[in-house]
Structure formats: C-alpha cells, structure tokens
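Shown next, in structure tokens, is the structure this report addresses.
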Amino acid sequence: MTAAASDLLGAEALSPLAGSPLVLLVPHDPLPPGGVRVAVDRAGALPALDPADYDVLFTTAPDAPAPWVSVAPERLEAQLATVRQGAALSPVATAMLARLLRMGEGLPFDTALELESLAYSALLGGDEFARWLAVRGPVTDGEQAAAPVRYERAGDRVTLTLASPGNRNAMTAAMRDALYEALVNVLEDPSAPQVVLRAEGKCFSTGGALGEFGSARDLAAAHVIRMQRSCARVLHLLGDRAEVHLHGACIGSGAEVPMAAARRLAAADALFQLPELRMGLIPGAGGTVTFARAIGRHRLLWLALGGFRLNAAQALRWGLVHGALP
C-alpha cells in the first residue's frame, strides 16, 4: 500500500450536524461501506439520527446518553485529531474493527467471539502488525510468578487471584492457561460455588505480555487455541455466579476478560484501556464482545480508536462496571 493510499481522508457531508459527519475513508477497503463514520455534534444539540448509520458519535453535550460520547468543547478537536491519527496508523485494523462490531450486534456470545478471533489471527499476519513489531524494539515484561493464579475456597465461595505482580499480572500464555483451568474447575464443580476474580499488586492486569506478541507462527492454530482457552467464554458461562474486583490498570486483555463477568466492581483508581489498534490489531481476548455488550459498539470504537483511558467514575456511568469497591 502506498503512502497516499494509506492516508485517511475527512469528508463533511449529508448531516443535520454542523460540520459532520467526519467520514474516515480507508482507500481500497470496503469495510464498512462509506468508511468509519464519525458523527460530530459540535453544538451539543443531540439531534435525532439513526445510530446504525454511524460507528462513533461525538457530542459536546455533557453526560449524553448512549451511544453518544460526551467531550468537553475545548477538547473536541484534539480528540478528533487523535482518532484520525489512530485510524491513519492502522487503517486496515480500524476498518476491520468497525465492521466486526457492526456484524457482532445481536450475535450469540460464542459466535461473536469466534468472529473476533478469526479477525485477530488475520491481522497477526498483516503488514500493520509487522510494522509495529519492527519498531517495538526489545521489551522486558517483568518476572512471571511460578503459580500465577491462586485458588482459595471458603464455603460456597471461590476466590481466584491473579498473583504475578512482578510482571503486573500480564496475560501471558501461562497466566491465561492457569486462569482458564481455574475457571473451568469452578464451572464444572457440581456444588456450583460463587466465584470472585481479583488481583494482587498495583493493578489488575496490564494485558498481553509484549514479549509474547508475534511469537505465533501458525495463525490458524493460534485461532483454535484462542477459542479453546478463552477465559472470557468461561466467565460468561458462569453467569450470575461470577464477580470481578478491578483496580489500577486494566489494559487490553486485562480488561477484556473480566468484562465477561456478570458482576463487575471497580476501585476508585481503576482505569481501562484498549490499545490494540496502535499495534495494527484489534482486541483479541473477547473485548469486541464483552465491551460491546457492556457499553455498546459506538463507545467501544471510540475507546479503541483513540487508545483513550476510561476512569472508574466514567466506567460506572457507562455501565462498564456496576459498582465501587471500598
């Protein structure tokens, strides 16, 4: 793809919104038709429109209802610039994520999860991810605990603790496998205990270990393993039995997986971020499904496009979490 072809263009057209919509066109890419459509309500009037026609909806109106994203007027242009930059960096991944979110609406959890995994494996073989790997440079993920997940039971309640603070509870393959096995044990326990998932250390989890990114050589097999070892899927199957306690950084898969739990509580210092588009990827641990079901596809795409951080207070207002931890 040439530099000119990879540019994203802005188009002002066909809208009751002044100077809107901003249409991010990915040249030569039909996904979704018309590009990634971003409605911009600069007047804060919240005009009537069909959210199905858009992928993100910005407004300067405070505390706007879903699917709008409220942005202070003085910050709006900076946020739009950030969105443009993020999409321009990874146009294929951006278009694929927008299309995937549209397709996933109304699908069963497992079906939407499989679509996400297939798209993720495709992007692992793409030029955008390869470019990110080339410029990433050496990384140090920190020390992985020998037993990264601790299992404790008291009565009819099981507590699972991510217990590898040395690498910020990174979702390494070892952490994922240990958590998956612990969750399956709870799911298959005939006594049907309640389960609380929490973490020790300064944060819940900073997500995938950067040193493991790009290590998969067989991308088809990676998809199969991703589906077979999906912690998000098991948390979802646990239904009302599952609760998560979140604190500190919850990034990438460290946010995607716990959002599958039926009950989500967050400490005041919790923050949530989906940085994958900057890597030429999309959320791949269930986030396109879990986040979309919690806050809707429009707000999810806003979060991913800008790599923005959502604090605990806003997460509570949006329904990403249900309550506060003491």
| Has the side chain of T161 got a donor or acceptor atom that lies under 3.5 Å from a matching backbone atom of A163? | no

| query | At their closest point, which heavy atom of V149 faces which heavy atom of A178, and how far apart are they? | reply | CG2-CB, 3.8 Å

| field | Main-chain N/O of A209 paired to T172 side chain as donor or acceptor, under 3.5 Å | value | no

| field | Closest approach of G306 to R278 (non-hydrogen atoms, all atoms of both residues) | value | O-NH2, 3.3 Å

| What closest approach, in Å, do L46 and A64 show between heavy atoms, and which atom pair accounts for it? | CD2-CB, 3.9 Å

| Shortest non-hydrogen contact between A146 and P148, atoms and distance | O-CD, 3.5 Å

| query | Taking the side chain as C-beta and beyond, is there a heavy-atom pair between L210 and M279 under 4.5 Å? | reply | yes

| Salt bridge flag under 4.0 Å for residues R153 and D189 | yes

| task | With the side chain counted from C-beta on, respond yes when L80 and V40 share a heavy-atom pair under 4.5 Å apart, and no when they do not. | result | yes

| Test side-chain contact (heavy atoms from CB on, under 4.5 Å) applied to L301 and L274, V38, D55, the passing residue | D55

| request: Quick one: pull up CE in M227 and OG in S117 and give me the separation to the nearest 0.5 Å. | output: 6.0 Å

| said: Donor-acceptor pair, distance only, cut-off 3.5 Å: does the side chain of D269 make one with the backbone of H247? | reply: no

| said: Taking atom CZ as the centre, does R75 end up with more than 12 heavy-atom neighbours from other residues, nucleotides or ligands that are less than 6.0 angstrom away? | reply: no

| field | Side chain to side chain, L197 and L162, heavy atoms closer than 4.5 Å | value | yes

| Honestly curious: do V196 and V184 fall in one hydrophobic cluster under the side-chain, below-4.5 Å linking rule? | no

| said: Under a 3.5 Å distance rule, please check whether N169 uses its side chain to pair with a backbone N or O of E200 as donor and acceptor. | reply: yes

| query | Do V186 and V257 share a hydrophobic cluster (ILVMFWY, side-chain heavy atoms under 4.5 Å, transitive)? | reply | yes

| task | Keeping the roles fixed (side chain from T60, backbone from G44), state whether a donor-acceptor pair exists under 3.5 Å. | result | yes

| field | Closest non-hydrogen atom pair between P258 and V244, with its separation | value | O-CG2, 3.7 Å

| Charged N-O contact under 4.0 Å between R297 and E105 | yes

| To the nearest 0.5 Å, what is the distance between CZ (R317) and CG (D63)? | 6.0 Å

| Nearest-0.5 Å distance that lies between atom OG in S90 and atom CD in Q85 | 12.5 Å

| said: Can you give me the closest heavy-atom contact between L246 and A270, atom names plus distance? | reply: O-CB, 4.1 Å

| Run the side-chain contact (heavy atoms from CB on, under 4.5 Å) check on L183 and C231 step by step: do they pass? | CA-CA 7 Å; L183 288 169; C231 296; 4.0 Å; yes

| said: Using modelled atom types and a 3.5 Å cut-off, is there a donor and acceptor pairing between side-chain atoms of H236 and backbone atoms of A260? | reply: no

| Does G166 offer a backbone N or O that forms a donor-acceptor pair with the side chain of S164 under 3.5 Å? | no

| query | Do NZ/NE/NH1/NH2 and the carboxylate oxygens of R150 and E152 come within less than 4.0 Å? | reply | yes

| Can any side-chain N or O of E116 pair as donor or acceptor with the backbone N or O of T288 at less than 3.5 Å? | yes

| Do F204 and I251 have side chains that get closer than 4.5 Å, going by heavy atoms? | no

| query | Between D41 and F58, is any pair of side-chain heavy atoms under 4.5 Å apart? | reply | no

| Hey, does the side chain of H298 reach the backbone of P51 with a donor-acceptor pair shorter than 3.5 angstrom? | yes

| task | Could you check if a side-chain atom of V69 sits within less than 4.5 angstrom of a side-chain atom of L57, using non-hydrogen atoms only? | result | no

| Criterion ring pair (Phe, Tyr, Trp, His ring centres under 6.0 Å) on W318 and W68, from CA distance to verdict | CA-CA 11 Å; W318 280 9; W68 293 95; over 10 Å; no

| task | Quickly, which of Q194, R198, E243 forms a side-chain contact (heavy atoms from CB on, under 4.5 Å) with T159? Name it, please. | result | R198

| field | Cationic N near anionic O, under 4.0 Å, D240 to R263 | value | no

| Heavy-atom distance under 4.5 Å between the side chains of P193 and R157, does that happen here? | no

| message | Under the criterion side chain to side chain donor-acceptor pair (under 3.5 Å), I'd like the reasoning laid out for E256 against T290: C-alpha separation, chi angles, the key distance, then a yes or no. | response | CA-CA 6 Å; E256 300 170 51; T290 61; over 6 Å; no

| message | Please report the interatomic distance CG(L76) to CD(E74), rounded to the nearest 0.5 Å. | response | 10.0 Å

| task | Report the distance from atom CZ of R176 to atom CZ of R226, rounding to the nearest 0.5 Å. | result | 9.0 Å

| message | Just so I know, are the side chains of Y180 and Q228 near enough to count as touching, which here means a heavy-atom distance under 4.5 Å? | response | no

| field | Rounded distance [0.5 Å steps], CG in L97 versus CG in L305 | value | 7.0 Å

